[in-house]
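See below for the structure under consideration.
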Amino acid sequence: MLSGKLEQRIWRDSSFAKVEQSVMMSCYIVRKLAEAKKIADAKFQKPLAMRSFRATGETVDFLNSHKIDALYQLKDGTDVTKPLSYVANQLIHSFVFVPIFEVSGKIHGIAFNSDRSKGKELYMLELGKLIEAFAACADSYISKASYFRLEDGELKVILEDDL
């Protein structure tokens, strides 16, 4: 469903809602699978390249969160890498969630941050990269599990797959 949106050129309000719903549900599912030890750790910790934009210092709230050009320094982006686990949590707790489009009308990515990071920075991630990370998690096949106890008695599990 989400990958089909990459070629879409006509966007209605319901299309925006479907993208946000699909992203949220996918992030939630991947996080739950990782917490349940159903996907390999490397898949959930896969680094994703994206851009980060510093906040201008203006207060970000429900009335202006869509005005990202006034709230963040969009001309001064920095390349950053964050693990899928971090991105998923930012998206699940997103305060700003704005689709970014190409001139052709196709969706390019998502600008987002969480309720905690809204006053610091905004991220922009290409939707195709996020879809690839989700697909890698869906293809995870656990081939090895290592269990050991930490000094505090907590059980630690490391999962690996062959894919």
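Listed for the R51 side chain is a donor-acceptor partner under 3.5 Å among the backbone atoms of G77. Distance alone, capped at 3.5 Å, is enough to place a donor-acceptor pair between the K43 side chain and the A136 backbone. Between the side chain of N64 and the backbone N or O of T59 there is at least one donor-acceptor pair closer than 3.5 Å.
Judged by the 6.0 Å distance and 45° axis criteria, K118 is positioned over the aromatic ring of F95.
When side chains are defined from C-beta on, M24 counts as touching S94, because their heavy atoms get closer than 4.5 Å. Looking only at side-chain heavy atoms (C-beta outward), I107 and V19 come within less than 4.5 Å of each other.
L84 CG to E132 CD: the interatomic distance, rounded to the nearest 0.5 Å, is 12.0 Å. Expressed to the nearest 0.5 Å, how far OG1 of T78 lies from CD of Q73 amounts to 9.5 Å. Expressed to the nearest 0.5 Å, how far NZ of K129 lies from NZ of K46 amounts to 9.5 Å. Atom NZ of residue K82 and atom CE of residue M50 lie 6.5 Å apart, to the nearest 0.5 angstrom. Between L71 atom CG and D61 atom CG the span is 8.5 Å, to the nearest 0.5 Å.
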Kindly indicate, with the supporting measurements, whether the criterion side chain to side chain donor-acceptor pair (under 3.5 Å) is fulfilled by S140 and D161. CA-CA 6 Å; S140 187; D161 67 13; 3.1 Å; yes
Applying side chain to side chain donor-acceptor pair (under 3.5 Å), run through S117 and Q90 and close with a yes or a no. CA-CA 8 Å; S117 65; Q90 288 285 305; 2.9 Å; yes
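Using bins of under 30°, 30° to 60° and over 60° for the plane-to-plane angle, the ring pair Y123/F112 lands in the tilted bin.
In plain terms, the two heavy atoms of D41 and L159 that are nearest each other are OD2-N, 2.9 Å.
No more than 12 heavy atoms of other residues, nucleotides or ligands lie within 6.0 Å of NZ in K67, so this atom counts as exposed by the packing criterion.
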